Each structure stands twice: as C-alpha cells, then as structure tokens.
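Shown next, in structure tokens, is the structure this report addresses.
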Amino acid sequence: MASRSCLTIILAAGEGTRMKSSMSKVLHEIAGLPLVGHVVKAVQGANDTKNDLAVVVGRGAADVQKAVGKISETARFYEQTERLGTAHAVLAAREALAEAHDDVLVVFGDTPLIEETSLRAARGKLAEGADIVVMGFRPENPTGYGRLVEEDGKLIAIVEEKDATDEQRKITFCNGGLMALSGKYALQLISAVKNDNSKGEYYLTDVVKLAHAQGLNVIAIDVPVENVIGINNRAELAEAEALWQTRKRRDVMLSGVTLIAPETVFFAHDTLIEADVLIEPNVFFGPKVTVESGAVIHAFSHIEGAHIGANTSVGPFARLRPGAKLAEKSKVGNFCEVKNADIGAGAKVNHLSYIGDATVGADTNIGAGVITCNYDGYNKFKTIIGSNAFVGSNSALVAPLTIGNGVYVASGSVITDEVPENALALGRARQVNKEGRAEILREKYKSIKASKNK
Ligand code: UD1
Ligand code: MG
C-alpha cells in the first residue's frame with residue numbers, strides 16, 4: 001500500500017447552522033484542535049508516502065484554510081459556492097481528481113474521531129482489488145443515515161433515508177459517509193451522478209449503483225461507530241470530546257502513566273507524557289505540553305504550553321502557562337503561576353507565587369508570595385535570578401532585574417536594582433518598636449467606641 005498514491009478530499013463546506021455559531025462548524029475544537037484538524041491528522045497518518053490533500057470549503061472560508069494550512073503545508077483548497085450535495089462538493093476538486101491517483105479517499109470534515117486504522121483498512125481493500133469501499137457502521141438508531149444495500153457480499157446501492165422503501169429502512173448497516181474509490185474510476189463515476197432524488201441533490205452515494213451497473217467491485221467495510229460520528233450541534237461536540245478523552249486516557253495509561261482518576265484528567269491533542277508520570281485527579285492540559293518521566297502532577301493543576309522536566313513536582317493548584325519550562329527535580333507548588341519562565345534544576349517555587357518572564361537558577365528557593373512585577377501596563381520585562389539564591393517571602397521583584405547567584409533577598413522586600421552575587425538585599429522599611437505604645441492605643445480606641453455607644 002505504501003507505494004500507492006492517494007488523494008484525500010475533505011468535505012468541509014457545511015454551514016453548520018445547528019452549532020448556532022458565527023464560526024464555521026469544522027473549526028470548533030476537540031482537545032484544542034479544530035474538528036477538521038483531527039481529520040487531517042488521521043489522513044496524514046494513513047498515508048505513508050504520497051499524500052495529496054484537497055479541502056472543499058464553503059464560500060469565503062478563509063478561516064478554514066488558515067486552520068488546515070497550519071497542519072498541512074501542501075493542502076489545496078477548492079470552493080463549493082452552492083451547496084448542491086456531496087457529489088457536487090467532491091467535484092469542486094475536479095482538477096485534483098483528474099490527476100492520476102491510485103486511491104481517492106472522500107472524508108467529511110465534521111467526523112473528528114475517524115481513525116487512521118479505518119482509513120488504512122479501506123485503502124487496503126482497494127489494494128486488494130476493490131473499486132469502491134464504503135465505510136459502514138451499525139448505529140443504535142439508524143434513522144437519518146443512508147442504508148447499505150448488499151447482495152452476495154457486494155454493495156449494490158446506498159439509499160438515503162428519505163428515498164428508502166419501508167423494507168430498506170429496516171437495514172441496520174448504515175453509510176458512515178466516508179468512501180475510498182479507485183482513482184481510475186472516481187472522476188468518471190462522480191461526474192455521472194444525477195440529482196434525481198427527493199432532495200434534488202447530487203449524492204456521492206449514488207456512485208455505488210453506477211459502479212455496480214458497470215460491473216465494478218463495490219464493497220462495504222464495518223468500522224467502529226465512533227469513527228463516523230458527525231458533529232452537528234454542541235451537545236454532539238461535547239459527546240465527541242468525551243469519546244476522544246476516553247481514548248486518549250487509555251492510550252496514556254497503557255503507555256505507562258498513572259492516572260488516579262482518569263475520568264477527571266483532560267488532555268490536548270498533542271499532549272506528550274513519558275512513562276512513570278503520576279497525574280492526580282482534576283488536571284487539565286491545554287495544547288503543547290510535554291512531561292518527562294518521574295514527574296508528579298498534583299490535583300487541580302491547569303497546564304498549557306509548558307515543559308515539565310523529569311522528577312519534578314507540580315501543584316496541587318498550580319497554573320503553568322505558555323513558555324513555562326521546569327528543569328529536572330524542580331518544584332512548582334500550590335497556588336503558583338508560572339509563565340514564560342525557566343525554572344532551574346532543583347529550584348523551588350512552592351507557595352502562592354507569580355513567576356513571569358523570568359529565569360530562576362538551579363537550586364534557588366523562591367519563598368511564599370514572591371511576585372515578579374513584569375509589566376508596566378504597556379511593556380513586559382525580564383527578571384533573571386541566579387542559582388542557589390534565596391528570595392524571602394512576600395518580595396516584589398520589579399523587572400527588568402538581575403539577581404546574582406547565591407543572593408539572599410530579605411522577606412517583604414521590593415527589589416528594583418540589580419543585586420550582585422552573594423549579597424543580602426533588603427528593600428523594606430526598617431522596623432521600629434515603641435515601648436508601651438500598644439496600651440495607649442488600646443485605651444484610646446476603647447474610649448472612642450464608648451463615646452459612640454452613648
Ligand atoms: C451523508 C450521506 C449518508 C450518510 C451520512 C453519514 C450522502 C448523500 N449521504 O448524509 O448516506 O449516512 O452522511 O453521516 O452523502 N457537504 C458539502 N457540500 C454539500 C453537501 C454536503 O460540503 O453540498 C458536506 C457537509 O459539510 C458534510 C458532508 O458533506 O461534511 C455530508 O453532508 P451532510 O449534509 O451532513 O450529509 P448527510 O445528510 O448527513
Ligand atoms: Mg451529516
């Protein structure tokens with residue numbers, strides 16, 4: 001199969017009015033990636049070598065082109081200006097279809113759970129000599145789906161629900177909508193489709209009966225139901241998200257990661273976690289997170305765009321934002337936020353701190369409530385803290401600022417100037433004790449209260 005060339009056409013011209021959204025349907029996200037992005041990734045996974053991608057978009061769908069362009073540099077886009085049916089949509093990519101591809105795959109942009117294995121299975125059947133392979137499935141409730149009419153193991157027609165006889169409606173084997181066609185016949189067959197049905201649309205599914213009439217070899221394969229789940233509203237979007245998360249949690253656990261309560265941990269499409277990581281309940285991963293072996297992520301942490309090094313400890317209740325990089329054996333503890341900052345090996349940011357636009361050297365200790373003041377309302381500035389330093393609790397580090405190796409910053413300091421190596425920096429008012437003054441104050445306040453109560 002590796003040597004067979006393939007053109008995949010993704011139909012993404014749907015308006016998706018039931019999403020009740022100003023955004024194109026296929027741009028709604030699952031695990032931080034647009035629906036159409038999931039489809040593109042599955043398609044890429046099913047193609048070992050030559051992989052031509054054509055995406056049929058609706059009128060003015062520049063945002064869809066942009067989203068696909070981020071994942072595929074070579075995708076070509078075709079506009080379907082009038083929505084006249086799935087065969088009509090495929091023909092928008094006529095130019096690509098006319099090229100000599102061995103295989104042509106037609107998939108829908110709103111079926112995000114399609115798996116590489118199903119696409120490979122369909123292409124495998126083409127390689128074995130089938131001319132058309134339809135991806136069928138057996139839904140609990142077949143209402144609304146096209147029914148697969150088979151005879152002697154061959155598929156002879158797909159009948160849309162609206163055009164089906166009562167007898168045909170009893171068929172439970174349904175059209176998932178995705179199809180693989182031999183490149184030799186694809187254009188000829190799809191061009192021959194007519195719109196002689198109750199909806200007056202050009203149905204891609206009609207290629208089955210056309211091919212059958214020409215004596216071609218048409219079959220259906222049975223793919224898992226979730227592979228062909230199409231998203232039409234936000235309730236279905238959430239159901240698909242749940243299925244995706246269930247799949248991912250299982251993969252992650254089978255690869256050696258411990259999830260104490262898997263149903264409460266949410267991953268992004270690109271989360272990478274090494275074996276022997278422990279993740280406590282209620283942890284959320286946004287896109288672009290990598291976690292190295294031995295890390296422990298404690299409960300209720302929110303992590304995105306971060307690298308978590310080996311044998312680190314994060315949370316509970318930690319927030320790691322984009323650009324947070326934790327070197328090995330470092331610790332970011334409860335109620336801390338780290339953004340665009342390198343935390344050195346063995347360094348500790350344990351309680352209630354904000355470290356943003358900063359580097360913290362190896363084995364440095366950041367006390368409770370330390371804040372890097374990185375923003376003046378207009379610009380961001382960097383704080384550089386050396387290794388083996390100790391920043392006392394409740395200190396404000398006003399950037400731009402450099403704090404040398406081995407420095408001590410006294411608690412409660414506001415540090416605005418560079419601190420040289422091994423210095424003690426005190427940036428706070430000196431303490432004054434006034435002997436006996438507390439008793440005088442108490443008397444004074446007592447008499448004020450008494451005069452009010454008269
Ligand atoms: C289609 C199948 C049906 C199958 C079902 C599975 C046809 C005729 N019917 O029905 O057999 O059981 O999917 O979900 O194929 N699209 C365009 N342009 C168009 C029309 C559709 O781009 O002019 C795109 C849609 O955005 C969508 C896909 O094609 O991604 C399928 O269209 P849809 O209207 O959802 O078809 P169904 O009625 O669901
Ligand atoms: Mg549909």
Side-chain angles (χ1 to χ4, degrees), residues 32 66 70 268 284-290 300-309 312-327 330-432:
K66 211 167 132 195
K70 275 190 197 159
F284 182 90
F285 292 92
K288 297 203 176 92
V289 176
T290 46
F300 296 100
S301 293
H302 188 285
I303 301 160
E304 59 185 322
H307 175 74
I308 299 175
T312 49
S313 171
V314 174
F317 296 98
R319 176 156 188 223
L320 302 184
R321 291 173 50 206
K325 292 192 202 81
L326 278 52
S330 61
K331 256 181 109 172
V332 172
N334 35 237
F335 306 105
C336 290
E337 175 178 338
V338 176
K339 183 216 77 171
N340 188 30
D342 284 299
I343 309 297
K348 291 180 194 149
V349 184
N350 268 343
H351 333 266
L352 301 145
S353 288
Y354 171 62
I355 303 296
D357 301 313
T359 54
V360 175
D363 297 316
T364 282
N365 187 88
I366 304 288
V370 170
I371 306 291
T372 52
C373 310
N374 60 329
Y375 187 47
D376 60 9
Y378 298 93
N379 302 294
K380 299 273 169 70
F381 301 96
K382 268 210 92 149
T383 301
I384 297 164
I385 305 171
S387 58
N388 291 296
F390 185 97
V391 180
S393 295
N394 200 32
S395 292
L397 309 178
V398 183
L401 182 66
T402 302
I403 292 176
N405 296 334
V407 159
Y408 248 91
V409 173
S411 299
S413 290
V414 177
I415 303 292
T416 54
D417 297 328
E418 180 171 347
V419 184
E421 204 167 301
N422 292 319
L424 164 66
L426 291 135
R428 64 190 188 205
R430 185 174 286 278
Q431 181 175 334
V432 189

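Model, not experiment: these values are computed from the prediction. All residue numbers in this chain count up from 1 along the given sequence.
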* Asked: Between the main-chain N or O of G386 and the side-chain N or O of T364, is there a donor-acceptor pair closer than 3.5 Å?
  -> yes
* Asked: So, for G333 and A318, which heavy atoms are closest and what is the spacing to 0.1 Å?
  -> O-CB, 3.8 Å
* Asked: side-chain hydrogen bond (donor to acceptor under 3.5 Å, both in side chains) with H307: which residues, sequence neighbours excluded?
  -> T290, E292
* Mind checking ring pair (Phe, Tyr, Trp, His ring centres under 6.0 Å) for Y408 and listing every partner two or more places apart, or none if nothing turns up? => F390
* Sequence neighbours excluded, every pair satisfying salt bridge (charged side-chain N to carboxylate O under 4.0 Å, His left out) that has a member inside residues 390-402 -> none
* Out of curiosity, H302 NE2 to L320 CG, how far, rounded to the nearest 0.5 Å? -> 10.5 Å
* Which heavy-atom pair separates F317 from S301 by the least distance, and what is that distance? -> N-OG, 3.8 Å
* To do: Run the numbers on F300 and N334 for side chain to side chain contact (heavy atoms under 4.5 Å, CB included), then give the verdict.
  => CA-CA 9 Å; F300 296 100; N334 35 237; over 6 Å; no
* Asked: Which atom names give the shortest non-hydrogen contact between T383 and I385, and what distance separates them?
  -> CG2-CG1, 3.9 Å
* To do: Decide if atom NZ of K382 counts as having more than 12 heavy atoms of other residues, nucleotides or ligands within a radius under 6.0 Å.
  => yes
* To do: Determine yes or no for a side-chain-to-main-chain donor-acceptor pair under 3.5 angstrom, with S413 supplying the side chain and G427 the backbone.
  => yes
* Could you tell me which residues satisfy side-chain contact (heavy atoms from CB on, under 4.5 Å) with L352, sequence neighbours excluded, listed by chain and number? => F335
* Measure from the side-chain N and O atoms of T372 to the backbone N and O of G356, and report whether any donor-acceptor pair falls under 3.5 Å. => yes
* Partner set under side-chain contact (heavy atoms from CB on, under 4.5 Å) for N405, not counting sequence neighbours -> S387, E421
* To do: Measure from the side-chain N and O atoms of S313 to the backbone N and O of S330, and report whether any donor-acceptor pair falls under 3.5 Å.
  => no
* Test side-chain contact (heavy atoms from CB on, under 4.5 Å) applied to D417 - qualifying residues, sequence neighbours left out -> none
* To do: Can you sort out the partners of R321 under side-chain hydrogen bond (donor to acceptor under 3.5 Å, both in side chains), two or more places apart, ordered by chain and number?
  => E337
* Asked: With a 4.5 Å heavy-atom cut-off, do I371 and L397 have their side chains touching?
  -> no
* To do: Go through the structure and list residues passing side-chain hydrogen bond (donor to acceptor under 3.5 Å, both in side chains) with S393, not counting sequence neighbours.
  => none
* Side chains of L401 and T416: closer than 4.5 Å at any heavy-atom pair? -> no
* Asked: Of all residues at least two apart in sequence or in a different chain, which pass the salt bridge (charged side-chain N to carboxylate O under 4.0 Å, His left out) check with K339?
  -> D357
* Structure fact -> Heavy-atom nearest pair, G412 first then S395, reads N-OG, 3.6 Å
* Asked: Taking all non-hydrogen atoms of both residues, which atom of V349 and which atom of S353 are closest, and how far apart?
  -> CG1-CB, 3.7 Å
* **Point-to-point distance, once rounded to the nearest 0.5 Å, from CD1 of I366 to CD1 of I343** => 7.0 Å
* CA sep, side-chain torsions, deciding dist, call: I308, K325, side chain to side chain contact (heavy atoms under 4.5 Å, CB included) -> CA-CA 6 Å; I308 299 175; K325 292 192 202 81; over 6 Å; no
* Tell me, please, which residues at least two apart from E304 pass side-chain hydrogen bond (donor to acceptor under 3.5 Å, both in side chains). => none
* To do: I would like to know whether N394 and V370 meet side chain to side chain contact (heavy atoms under 4.5 Å, CB included); could you show each step before the answer?
  => CA-CA 5 Å; N394 200 32; V370 170; over 6 Å; no
* side chain to side chain contact (heavy atoms under 4.5 Å, CB included) between V398 and I415, intermediate numbers included -> CA-CA 6 Å; V398 183; I415 303 292; over 6 Å; no
* Quickly, which of V332, V360, I303, V314 forms a side-chain contact (heavy atoms from CB on, under 4.5 Å) with V338? Name it, please. => V332
* Does anything in residues 393-412 pair up under salt bridge (charged side-chain N to carboxylate O under 4.0 Å, His left out), and if so which pairs, sequence neighbours excluded? -> none
* Asked: Which heavy atom of A345 sits nearest a heavy atom of A327, and at what distance?
  -> N-CB, 3.3 Å
* Structure fact -> Contacts of D363 meeting side-chain contact (heavy atoms from CB on, under 4.5 Å) (sequence neighbours excluded), chain-then-number -> N388
